[in-house]
Amino acid sequence: MKLSDSDLRILRELARDGRQTNAELAEKVGLSASQCWQRLRRLENSGVIKGYGARIDHDALGVPETVLLELAMERNEGVEVEAVCEALARFPEVLEVRMTSGDFDIFAKVVVSGTRGYEKFLRERLYKLKGIRQSRSSFSLRCYKNEISVVP
């Protein structure tokens, strides 16, 4: 789907604030409310806009620590990397799962309540998955940018 400059303005504005009304959005992107609504529906129906959500303060939820987890899989056990990715994606502590290239097969971002919370995640969730050869964990010290999406 070819995106027009107006489409890109709509996407940028929604990435900044997805809760604004159509009238507010239309004014900010320089379209009539009707034109904006039609373009917005087309972006949604085509799958360019996949949904809307809230940014959650994990500190307020009691899971202030973010762990960046890399996993290398055993090749001879017949474990599909995709199956492990899908299993990880079902865990509520896991915010993001990606199949990757390089030394590790999987990247995951996990939120926990400190080192004890991470130990519990390892014991009760991760270590029960079959086929993991190696893992590497890094606690994130500070986040400088955390965008949901980027619009060119």
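Heavy atoms only: backbone and side chains are in, while hydrogens, waters and symmetry mates are out. One is the number of the first residue; the rest follow in order along the sequence.
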> For R39, what residues pass the salt bridge (Lys or Arg N to Asp or Glu O under 4.0 Å) criterion, not counting sequence neighbours?
Replying inline: D7
> Among all residues two or more places apart in sequence or in another chain, which pass the salt bridge (Lys or Arg N to Asp or Glu O under 4.0 Å) test with E27?
Replying inline: none
> I106 and L122: same hydrophobic cluster, using ILVMFWY side-chain contacts below 4.5 Å?
Replying inline: yes
>> If I compare all heavy atoms of W37 with all of N22, which pair ends up nearest, and what's the gap?
In response: N-OD1, 3.5 Å
> Atom CZ of R9 and atom CG of L25: how far apart are they, to the nearest 0.5 Å?
Replying inline: 10.5 Å
> Of the non-hydrogen atoms in S113 and P64, which two are nearest, and what is the gap between them?
Replying inline: CA-CD, 4.1 Å
>> Before you tell me yes or no, could you show the steps for V110 and L68 under side chain to side chain contact (heavy atoms under 4.5 Å, CB included), namely the whole-Å CA-CA distance, both residues' side-chain angles and the distance that decides it to 0.1 Å?
In response: CA-CA 7 Å; V110 182; L68 308 173; over 6 Å; no
> Is L31 reachable from L11 through a run of hydrophobic residues whose side-chain heavy atoms are each under 4.5 Å from the next?
Replying inline: yes
> Applying salt bridge (Lys or Arg N to Asp or Glu O under 4.0 Å), which residue pairs with at least one partner in residues 98-112 are found, sequence neighbours left out?
Replying inline: R75-D105, E96-R98, E96-K109
> Once you round to the nearest 0.5 Å, how far does CG of L3 lie from CG of L8?
Replying inline: 5.5 Å
> Does R55 come within less than 4.0 Å of E147, counting only side-chain N to carboxylate O?
Replying inline: yes
> Is there side-chain contact between V111 and T66, with at least one heavy-atom pair below 4.5 Å?
Replying inline: yes
>> Quick check on the hydrophobic clustering: are V67 and L129 connected, directly or via other members, by side-chain heavy-atom contacts under 4.5 Å?
In response: yes
>> Taking salt bridge (Lys or Arg N to Asp or Glu O under 4.0 Å) as the definition, give me every residue that meets it alongside R123, ordered by chain and number, with sequence neighbours left out.
In response: E119
>> Could you see if I132 belongs to whatever hydrophobic cluster contains M99? Use Ile, Leu, Val, Met, Phe, Trp, Tyr and a side-chain cutoff under 4.5 Å.
In response: yes
>> Please determine whether side chain to side chain contact (heavy atoms under 4.5 Å, CB included) holds for the pair M73 and R133, giving the CA-CA distance in whole Å, both sets of side-chain angles, and the decisive distance to 0.1 Å.
In response: CA-CA 5 Å; M73 304 303 296; R133 176 176 51 85; 6.0 Å; no
>> List the residues meeting salt bridge (Lys or Arg N to Asp or Glu O under 4.0 Å) with E65, not counting sequence neighbours, and say none if there are none.
In response: none
> Quick one: does H58's side chain get under 4.5 Å of L95's, heavy atoms only?
Replying inline: yes
Can I get a per-line list of side-chain donor-acceptor pairs under 3.5 Å for residues 134-143, giving both atom names and the distance, sequence neighbours left out?
residue	atom	partner	partner atom	Å
R136	NE	E70	OE1	2.8
R136	NH2	E70	OE1	2.8
S137	OG	Y118	OH	2.6
R142	NH1	Y144	OH	3.3

>> Taking I148 as the starting point, is it possible to reach L14 by hopping between hydrophobic residues whose side chains are less than 4.5 Å apart?
In response: no
>> Quick one: does any side-chain atom of Q38 pair with a main-chain N or O of Q35 as donor and acceptor, under 3.5 Å?
In response: no
> Can you tell me how far the CG atom of L69 sits from the CD atom of E93, to the nearest 0.5 Å?
Replying inline: 11.5 Å
> Run the side chain to side chain contact (heavy atoms under 4.5 Å, CB included) check on Q20 and K28 step by step: do they pass?
Replying inline: CA-CA 10 Å; Q20 57 193 303; K28 288 177 183 169; 3.4 Å; yes
> Should we count CD of E86 as having more than 12 external heavy atoms under 6.0 Å?
Replying inline: yes
> Can you tell me how far the CG atom of L61 sits from the CG atom of D59, to the nearest 0.5 Å?
Replying inline: 9.0 Å
>> I'd like to know whether V84 forms a side chain to side chain contact (heavy atoms under 4.5 Å, CB included) with V97, so could you lay out the CA-CA distance, the side-chain angles of the two residues, the decisive distance to 0.1 Å, and finally the verdict.
In response: CA-CA 10 Å; V84 174; V97 179; over 6 Å; no
> Less than 4.5 Å apart, any side-chain heavy atom of R116 and any of F121?
Replying inline: no
> Rounded to the nearest 0.5 Å, what separation is found between the NZ atom of K120 and the CG atom of L126?
Replying inline: 15.0 Å
> SG/C36 to CD/E24 distance, rounded to the nearest 0.5 angstrom?
Replying inline: 11.0 Å
